[in-house]
Amino acid sequence: MWLFMYACYLMAALTYVLFVLAGLQGIFGFPVLGAPHPTFSFLTAIIYFFTQTLIIFFFVGTGTNIREYLEEAARADPNGTPAKLVARARHIRGAVSGQVYLNILLFLAQAILGGAVAARAVPRFLHGTLVVAAFVHFHYVMWREHLAFRDMTALVVEMTGHGRPDHPERADPAADG
């Protein structure tokens, strides 16, 4: 879980840098890695879509693992802690996934408008305005993803009991005699 989460953070940071480069390239017209703006922006979009898919997969996969892990305990105590942990996992995933989907839609729309600008079918300012809106929303989504990673990790720690003083790994060795 930890390695997967850190990979998501690394990919999000890479995506952020690529978006900044693509935006500056769109404004000033310089090549990046020998690629013109449309080509580099397309590469950036592919990496962005992969990153967001990876992040969504993290939350869906973690939520499924939590549900499977707690399924037996929830049957024994349907109104107890296991059912509440599963509900919290669903809430965490739901709080972030809608914003991720909206941001994907915004970036997809601005990419399509970028192609329309290249074909001279729409004015450039429409694409630029949507790029700014999508990028501002991307900051918000990154913050929401960070909070969701934090909350999901805390939930897994609580679920496995590693945060409890009575857990064997945290027990006082001197108390054993």
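Below, all heavy atoms of this structure are taken into account, side chains as well, without hydrogens, waters or symmetry copies. Throughout, residue positions are numbered sequentially from 1 according to the sequence presented.
One hydrophobic cluster, built from ILVMFWY side chains closer than 4.5 Å, cannot hold both Phe42 and Leu108; they sit in different ones. Two different hydrophobic clusters hold Val117 and Val131 under the rule that ILVMFWY side chains link at heavy-atom gaps under 4.5 Å. Residues Leu33 and Leu24 share a single hydrophobic cluster, defined by chaining ILVMFWY side chains whose heavy atoms lie under 4.5 Å apart. When the side chains of ILVMFWY residues are joined at heavy-atom separations under 4.5 Å, either directly or via intervening members, Leu14 and Leu21 end up in a single hydrophobic cluster. Residues Phe19 and Phe30 share a single hydrophobic cluster, defined by chaining ILVMFWY side chains whose heavy atoms lie under 4.5 Å apart.
Residues Trp143 and Gln99 are not in side-chain contact: their nearest non-hydrogen atoms beyond the backbone lie 4.5 Å or more apart. Between Leu18 and Phe40 there is a side-chain heavy-atom pair separated by less than 4.5 Å. Between Leu10 and Tyr6, the closest side-chain pair of non-hydrogen atoms is not below 4.5 Å. Side-chain contact check for Val96 versus Ile92: every heavy-atom pair is 4.5 Å or farther apart. A 4.5 Å side-chain heavy-atom check between Glu145 and Tyr9 finds every atom pair outside the cut-off. Proximity of Met152 to Ile66: side-chain heavy atoms (C-beta onward) are separated by under 4.5 Å at one or more points. The closest side-chain heavy-atom distance from Val20 to Tyr16 is below 4.5 Å. Considering only heavy atoms from C-beta on, Leu106 stays 4.5 Å or farther from Phe138 through its side chain.
At least one donor-acceptor pair closer than 3.5 Å links the side chain of Arg144 to the backbone N or O of Ala95. Side-chain atoms of His127 come within 3.5 Å of backbone atoms of Gln110 as a donor-acceptor pair (strictly under, hydrogens ignored).
Crowding of Phe4 atom CZ: a count of heavy atoms from other residues, nucleotides or ligands under 6.0 Å exceeding 12. Counting non-hydrogen atoms of other residues, nucleotides and ligands closer than 6.0 Å to NE2 of His91 gives a total of 12 or fewer.
Of the inter-residue distances, the one linking Ile55 atom CD1 with Cys8 atom SG reads 5.0 Å to the nearest 0.5 angstrom.
Contact record, Val122 with Leu126: CB-CD1, 4.3 Å, taken as the closest heavy-atom pair. When all heavy atoms of Phe58 and Thr62 are compared, the pair lying nearest together is O-OG1, 2.7 Å. For the residue pair Thr51 and Ala12, the shortest heavy atom distance occurs at CG2-N, 3.7 Å. Heavy-atom minimum distance, Phe59 versus Ala148: CZ-CB, 3.4 Å. Between Arg88 and Glu158, the closest heavy-atom pair is NH1-OE1, 2.9 Å. Among all heavy-atom pairs drawn from Met5 and Thr153, the shortest one is SD-OG1, 3.5 Å.
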For this session: Go through the steps for Thr39 and Leu43 under the test side chain to side chain contact (heavy atoms under 4.5 Å, CB included), then give the verdict.
Result: CA-CA 6 Å; Thr39 305; Leu43 172 68; over 6 Å; no
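Screening His137, Gln52, His139 for a side-chain hydrogen bond (donor to acceptor under 3.5 Å, both in side chains) involving Asn103 leaves a single residue, His137. When the options Phe135, Tyr48, Tyr101, Phe49 are evaluated for a ring pair (Phe, Tyr, Trp, His ring centres under 6.0 Å) with Phe107, the one that passes is Tyr48.
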